[in-house]
*Asks:* 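Handing you this structure, nothing more for now.
Indexing begins at 1, ligand by ligand and atom by atom, following the structure's order.
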Amino acid sequence: MNKAHALIPAAGSGARLGAGLPKQYLQIAGRPLLHHALRVLARHPRIEQVFVVLAQGDERFKRFDWSEFGTRIKPLYCGGDTRAASVFNGLLATRDVIAAADWVLVHDAARPCLEREEIDRLFGELEEDDTGGLLAVPAADTLKRANRESRVVATEPRENLWLAQTPQMFRYRLLIEALRAVDPAVVTDEARAIEGMGLKPRLVMGDTRNIKVTFAEDLALAEAILRSRQPPAASRQPGRKQKPARGRQKK
Ligand code: CTP
Ligand code: MG
């Protein structure tokens, strides 16, 4: 069995969310978004290490306490201008610790609701695969093609259409060579780069709750999903009560 590693591109600026800071550092359900995105990967028994690709000069990462993960997470300050460039730079930076045939699971920092079962499914379905693949969900809504005036010009058949998610799981050498060959400005996921090599990544059933936080309204939805998984009250009350209590004691 080949080793597996995770790589989290977290060097974006969050322009569409417009929060004034990169969205990976927004607090949601008591933690930075990035913490939620990497936690499940860092705790997965098949994953050796989680490499987090940060913008060069990122000052925020080290303000948070990541000690619970020990050496299982490693920040790399080598983000690029695009997501694909950040992933490529991260892969280059890890070339001495990841073997050619090792698996790399690339997961967006902006997807905080990934669960253990989805990672298990990726390994279950791809471990023996030559190409690799990605989590995705079948398109559920009716799909309309629009013209420039936002008028419908066609209804697209939805059969066989899937919405790509992350993690996307490919072997190190294949992935880095595929990304080297593409224009990083047009490639928005790893699978697209692999397709460019003439290969057919396998679609693995994802979960619609593995949403990507893109716009401000996505934050509330992601928070609701995360809170619905927290054990009732017990894990929340201490955090809430402790701060005011300390304040009062000082008087
Ligand atoms: N990302 C990255 N390097 C970039 C751009 C994006 O590592 N140059 C990362 C983001 O941090 C995020 C993931 O790629 O975890 C998905 O990108 P997206 O949702 O587009 O995030 P942003 O680029 O930060 O947001 P926006 O496009 O709204 O600016
Ligand atoms: Mg972006």
*Asks:* Do the rings of His5 and Phe51 sit parallel, tilted or perpendicular, given the 30° and 60° boundaries?
*Replies:*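 Tilted: the ring planes of His5 and Phe51 meet at 30° to 60°.
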*Asks:* Heavy atoms, side chains only, cut-off 4.5 Å: are Asn210 and His107 in contact?
*Replies:*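 When only atoms from C-beta onward are counted, His107 and Asn210 do touch, with a gap below 4.5 Å.
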*Asks:* Does an N or O anywhere in Ala109 fall below 3.5 Å from an N or O of ligand 1?
*Replies:*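 Yes, since at least one N or O of Ala109 sits under 3.5 Å from an N or O of ligand 1.
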*Asks:* Hey, are Arg227 and Glu223 close enough for a salt bridge, meaning a charged N less than 4.0 Å from a carboxylate O?
*Replies:*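 Between Glu223 and Arg227 there is a salt bridge, with a charged N closer than 4.0 Å to a carboxylate O.
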*Asks:* With only distance considered, is Leu17 within less than 3.5 Å of ligand 1 through an N or O on each side?
*Replies:*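 Between Leu17 and ligand 1 (N or O atoms, distance only) the closest approach is not under 3.5 Å.
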*Asks:* Check whether Val53 and Leu91 end up in the same hydrophobic cluster, where Ile, Leu, Val, Met, Phe, Trp and Tyr are linked by side-chain heavy atoms less than 4.5 Å apart.
*Replies:*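 Yes, Val53 connects to Leu91 through the hydrophobic network.
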*Asks:* Determine the sole option in Asp130, Asp102, Thr131, Asn2 for which the side chain to side chain donor-acceptor pair (under 3.5 Å) test with Arg171 is passed.
*Replies:*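 Running side chain to side chain donor-acceptor pair (under 3.5 Å) over Asp130, Asp102, Thr131, Asn2 with Arg171 returns exactly one hit, Asn2.
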*Asks:* How far is atom 7 (O) of ligand 1 from the closest protein heavy atom, and which atom is that?
*Replies:*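 Nearest neighbour among protein heavy atoms for atom 7 (O) of ligand 1, to 0.1 Å: Ala11 N, 2.9 Å.
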*Asks:* Please answer: with hydrophobic residues joined when any side-chain heavy atoms are less than 4.5 Å apart, are Ile211 and Trp162 in the same cluster?
*Replies:*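 Different clusters.
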*Asks:* Please work out, at 4.0 Å between heavy atoms, whether the side chain, the backbone, both, or neither of Val53 comes within that distance of ligand 1.
*Replies:*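 Within the 4.0 Å criterion, Val53 makes no contact with ligand 1.
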*Asks:* Measure the distance from atom 9 (C) of ligand 1 to every protein heavy atom, then report the residue, atom name and distance (to 0.1 Å) of the closest one.
*Replies:*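 That would be Pro9 O, 3.4 Å.
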*Asks:* Name the closest protein heavy atom to atom 24 (O) of ligand 1, giving the residue it belongs to and the distance to 0.1 Å.
*Replies:*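 Result: Gly14 N, 2.8 Å.
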*Asks:* Same cluster or not: are Phe64 and Leu34 linked, directly or through other Ile, Leu, Val, Met, Phe, Trp or Tyr residues, by side-chain heavy atoms under 4.5 angstrom apart?
*Replies:*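 Linked within one cluster.
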*Asks:* Can you pull out the closest protein heavy atom to atom 8 (N) of ligand 1? Residue, atom name and distance to 0.1 Å, please.
*Replies:*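 Among all protein heavy atoms, the one nearest atom 8 (N) of ligand 1 is Gly80 O, 2.9 Å.
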*Asks:* Taking Glu118 first and then Arg209, would you say they form a salt bridge - that is, a charged N and a carboxylate O separated by under 4.0 Å?
*Replies:*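 No, Glu118 and Arg209 are not salt-bridged.
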*Asks:* Just to confirm my output: which protein heavy-atom neighbour is closest to atom 17 (O) of ligand 1, and how far is it?
*Replies:*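 Nearest protein contact, heavy atoms only, for atom 17 (O) of ligand 1 is Arg83 CD, 4.3 Å.
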*Asks:* Could you tell me whether Glu190 and Arg83 make a salt bridge, using a distance below 4.0 angstrom between a side-chain N and a carboxylate O?
*Replies:*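 Salt bridge: yes.
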*Asks:* Quick check for you: to the nearest 0.5 Å, what is the distance between Leu54 atom CG and Arg60 atom CZ?
*Replies:*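 The CZ atom of Arg60 is 12.0 Å from CG of Leu54, to the nearest 0.5 Å.
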*Asks:* May I ask whether Thr214 has any heavy atom positioned less than 4.0 angstrom from an atom of ligand 1?
*Replies:*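 The answer is no: ligand 1 sits nowhere under 4.0 Å from a heavy atom of Thr214.
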*Asks:* For ligand 1, indicate whether the residue Ala10 contacts it via side chain, backbone, both or neither (heavy-atom separation under 4.0 Å).
*Replies:*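 The answer is the backbone.
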*Asks:* Give the atoms of ligand 1, by number and element, whose distance to some non-hydrogen atom of Ser86 is under 4.0 Å.
*Replies:*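 Listed by number with element: 2 (C), 3 (N), 4 (C), 7 (O), 8 (N).
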*Asks:* At the 4.0 Å heavy-atom cut-off, does Pro22 count as touching ligand 1?
*Replies:*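 Outside the 4.0 Å threshold, so no.
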*Asks:* Distance to 0.1 Å, residue and atom name: give those for the protein heavy atom nearest to atom 6 (C) of ligand 1.
*Replies:*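 Looking only at protein heavy atoms, the one closest to atom 6 (C) of ligand 1 is Gly12 CA, 3.6 Å.
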*Asks:* For atom 16 (C) of ligand 1, grab the closest protein heavy atom and report residue, atom and distance to one decimal in Å.
*Replies:*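 Answer for atom 16 (C) of ligand 1: Asp108 OD1, 3.5 Å.
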*Asks:* Is it true that Arg31 and Glu68 have a side-chain N and a carboxylate O under 4.0 angstrom from each other?
*Replies:*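 Yes.
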*Asks:* What protein heavy atom sits nearest atom 20 (O) of ligand 1, and how far away is it?
*Replies:*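 Answer, as residue, atom name and distance: Arg16 NH2, 2.9 Å.
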*Asks:* I need the atoms of ligand 1 closer than 4.0 Å to a non-hydrogen atom of Asp81, numbered in the order shown.
*Replies:*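 Listed by number with element: 8 (N).
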*Asks:* Closer than 4.0 Å to some heavy atom of Ala110 - which atoms of ligand 1 meet that?
*Replies:*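 In order of numbering, the contacting atoms are 15 (O).
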*Asks:* Tell me the nearest of Arg111, Lys23, Gln24, His107 to atom 18 (P) of ligand 1, using heavy-atom distances.
*Replies:*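 The residue whose heavy atom sits nearest atom 18 (P) of ligand 1 is Lys23.
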*Asks:* For Phe123 and Trp103, I'd like to know if the aromatic rings sit close, meaning centre-to-centre distance below 6.0 Å.
*Replies:*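 No, too far apart.
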*Asks:* Find all atoms of ligand 1 within a distance of less than 4.0 Å from any non-hydrogen atom belonging to Ser13, and give their numbers and elements.
*Replies:*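 Under 4.0 Å from Ser13, ligand 1 has these atoms: 24 (O), 29 (O).
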